[in-house]
Amino acid sequence: MLERAPSQVKQILVTGGAGFIGSNFIDLVLESNHGVSVVCLDSLSYAGNVVNLESAVKHPNFAFVKADLCDGDGLGSALDPFDFDWVFHFAAETHVDRSIHEPKITVMTNVIGTLNLLEYFRGHWLNEDQCHKRLVHISTDEVYGSIQDGLFSETSRYKPSSPYSASKAGSDHLVTAYFTTFGLPTLTTWCTNNYGPRQHPEKLIPLMTIHALEGKPLPVYGDGLQVRDWLHVHDHAAGVWQTALRGKVGEGYCFSGGLESTVTNLDVVNQILGAVSAHLKVEKSELDGLITHVEDRLGHDRRYALDSRKAAAELGWTPKVPFQSGFAKTVEWYLNNPEWMREVQGTDYKDWLSRNYSQPKGGHQ
Ligand code: NAD
Ligand code: DAU
């Protein structure tokens, strides 16, 4: 459950709410804040799916608007009928591998799309009482790049490695600039890798689960010893909400799983194989041979890790879902939702698998 918003907050906008984190966030807001109406704006790109909003669409306080952030005029007409108090900006092109194949699409949405959103609210909130207004921009630990030991924090230097993380860095700078230059009440959040239900199957956990279930090779990039600091999506959603509730405008907050960053991709894949073998009632050793080391991701960051002490001290946020049980329930969710799995694996997905996994990556030496 999320805390109650203050009484002035009547209507909120969630961009990218048909995706993984946005849809989980919307469900939590609708469950816990009955007086708040929620509008989801999403272009329904390959990564967005209305099935993710199955519960939300039944709720009387929910509305869906289809619009593309890259179309500034269309965005204006889509948002004009509403009067938003809080804005949560999740929409983005989020897959690192896709950003390597098609950097321009990623940059357009993440930079120009964010710029259009900021411009819209600069115009709309300018002459209003902005006291309770908040625009929370959802960023990522990837903007800081890879860290060998220790943790990055809110004041660490940006050193993005991929077109995805560079475009998120660009959007972060615009968000901060709109606070500094125009006084727009923005806040930024940086988060480590999320896991939970409804993640697009191009990402590690659902992809490996589907492949294991279907007896297909599990494509581990390079040696598989890269480390991610996994955080349950509900914990991330709570952090984003607390940021609007308690955060200081113009500032930012880091959220991490606090796993001491020791879980490697191979550990994750082995845990998935354990869960899938139990589901199929076979020995795990029968599936171990599916693990296949493939060519590494270009510019692959080795390790991510964030320090969330500021979020704990100023927002009262700490992660609640333990990794072991949260992870087991997540894999179980994918195994128990074959229809969802089918729905999100359309033609585009099959085309993506053949583009990313059967062609040489061709980076610099
Ligand atoms: P996702 O790919 O599952 O969903 C993205 C959503 O944005 C989709 O519904 C898509 O249709 C929509 N979208 C894309 N382009 C759009 C456009 N031009 N106009 C309107 N809508 C558009 O992403 P996610 O994993 O839920 O990530 C949400 C946010 O959280 C992103 O900003 C991402 O950078 C950030 N983040 C993600 C993680 C993670 O582990 N998944 C971790 C940290 C931060
Ligand atoms: O760190 C936060 C980021 O986490 C978010 O900003 C991104 O939007 C989100 O996609 C995620 O990025 P990653 O690149 O870390 O996630 P992904 O699931 O793509 O990959 C996780 C790790 O698994 C990474 O080290 C690459 C590896 N991997 C991934 C795939 C898809 C493989 O080894 N094989 C694969 O087939």
Side-chain angles (χ1 to χ4, degrees), residues 14-25 40-50 52-53 65-71 74-75 78 88-100 105-106 108-110 112-114 116-117 137-144 146 161-162 164-165 167-168 171-172 189-196 198-208 211 217-231 233 236-237 240 255-256 264-266 268-269 291-297 300-306 344 352-353 356-357:
V14 180
T15 73
F20 165 47
I21 307 176
S23 67
N24 278 284
F25 178 78
C40 167
L41 179 142
D42 201 295
S43 63
L44 297 180
S45 76
Y46 79 89
N49 202 315
V50 281
N52 292 337
L53 295 167
V65 173
K66 186 172 186 299
D68 186 340
L69 287 173
C70 296
D71 168 12
L75 183 67
F88 297 91
H89 179 35
F90 289 92
E93 286 289 337
T94 62
H95 194 27
V96 173
D97 295 319
R98 288 204 190 232
S99 83
I100 295 167
I105 296 177
T106 304
M108 285 307 291
T109 285
N110 297 0
I112 303 300
T114 300
N116 287 338
L117 189 77
H137 170 63
I138 320 304
S139 189
T140 169
D141 57 358
E142 298 202 12
V143 296
Y144 301 114
S146 193
S161 308
S162 70
Y164 163 69
S165 50
S167 68
K168 290 295 288 188
S171 67
D172 294 3
T189 64
W190 298 272
C191 189
T192 55
N193 282 62
N194 284 211
Y195 69 94
R198 304 202 287 255
Q199 185 165 31
H200 192 278
E202 66 194 359
K203 308 284 167 58
L204 180 76
I205 294 172
L207 183 130
M208 295 297 179
H211 280 219
L218 309 184
V220 171
Y221 294 160
D223 61 9
L225 299 180
Q226 302 83 3
V227 167
R228 298 291 182 265
D229 190 354
W230 298 95
L231 178 74
V233 65
H236 183 192
V240 168
F255 301 102
S256 84
T264 67
N265 291 342
L266 269 179
V268 168
V269 170
I291 295 179
T292 310
H293 290 268
V294 299
E295 195 180 342
D296 209 349
R297 172 184 279 174
H300 200 171
D301 285 331
R302 196 71 179 162
R303 176 175 176 271
Y304 298 136
L306 289 182
V344 296
W352 165 249
L353 290 184
N356 193 49
Y357 295 95

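Indexing begins at 1, ligand by ligand and atom by atom, following the structure's order. For the numbers below, each heavy atom of this structure counts, side chains included, while hydrogens, waters and symmetry mates do not.
Interface of T140 with ligand 2, defined as ligand atoms under 4.0 Å from a residue heavy atom, comprises 1 (O), 2 (C), 3 (C), 5 (C), 6 (O). Using a 4.0 Å cut-off to heavy atoms of D141, the atoms of ligand 2 that qualify are 1 (O), 2 (C).
The heavy atom nearest to atom 11 (O) of ligand 1, considering only L41, I138, D42, is found in D42. Compare R302, Q199, R297, H293 by their heavy atoms: the one nearest to atom 17 (P) of ligand 2 is in R297. Which of F88, F90, F20 comes nearest to atom 31 (C) of ligand 1 through a heavy atom is settled by distance: it is F90. The closest heavy-atom contact to atom 20 (C) of ligand 1, among the options S167, S43, G48, G74, comes from S43. The nearest non-hydrogen atom to atom 31 (C) of ligand 2, considering only K168, E93, H200, E202, comes from E202. With A47, G224, P219, S99 as candidates, the residue nearest to atom 34 (N) of ligand 2 on a non-hydrogen basis is P219. Among N49, I21, V240, the residue whose heavy atom lies closest to atom 38 (C) of ligand 1 is I21.
The residues D301 and R228 are annotated as not salt-bridged, no charged nitrogen and carboxylate oxygen being separated by less than 4.0 angstrom. Salt-bridge check for E93 with R98: failed, with every basic side-chain N at 4.0 Å or more from each acidic carboxylate O.
Taking the six-membered ring where tryptophan is involved, the planes of W230 and Y195 are perpendicular, since the angle between them exceeds 60° and thus also 30°.
At a 4.0 Å heavy-atom cut-off, ligand 2 touches E142 through the side chain alone. Using a 4.0 Å cut-off between heavy atoms, V96 contacts ligand 2 through its side chain alone, with no backbone atom that close. Contacts with ligand 2 closer than 4.0 Å are made by side-chain heavy atoms of L207 only, the backbone lying farther away. Under 4.0 angstrom from ligand 1, the non-hydrogen atoms of L44 all belong to its backbone. At a heavy-atom cutoff of 4.0 Å, ligand 2 is contacted by both the backbone and the side chain of L204. Neither the backbone nor the side chain of Y304 has a heavy atom within less than 4.0 Å of ligand 1. With a 4.0 Å cut-off on non-hydrogen atoms, N193 touches ligand 2 through its backbone as well as its side chain.
For a threshold of 3.5 Å applied to N or O pairs, the pair formed by T140 and ligand 1 contains no separation below that value. For a threshold of 3.5 Å applied to N or O pairs, the pair formed by T94 and ligand 1 contains at least one separation below that value.
Residue contact annotation: S23 has no non-hydrogen atom under 4.0 Å from ligand 1. At a 4.0 Å cut-off, not a single heavy atom of G17 sits close enough to ligand 1 to count as contact. The shortest heavy-atom distance from D141 to ligand 1 is not under 4.0 Å. Look at H200 and you'll find every heavy atom at least 4.0 Å from all atoms of ligand 1. Heavy-atom separations between W190 and ligand 1 are all 4.0 Å or longer.
Side-chain contact between V294 and Y221 is present, with heavy atoms from C-beta onward closer than 4.5 Å.
In this structure, atom 33 (C) of ligand 1 lies nearest to the protein heavy atom Y164 OH, 3.6 Å. Atom 8 (O) of ligand 2 has as its closest protein heavy atom T94 O, 2.8 Å.
Closest heavy-atom contact between T292 and P217: OG1-CB, 3.4 Å. Across D229 and A305, no two heavy atoms sit closer than the pair OD2-CA, 4.2 Å.
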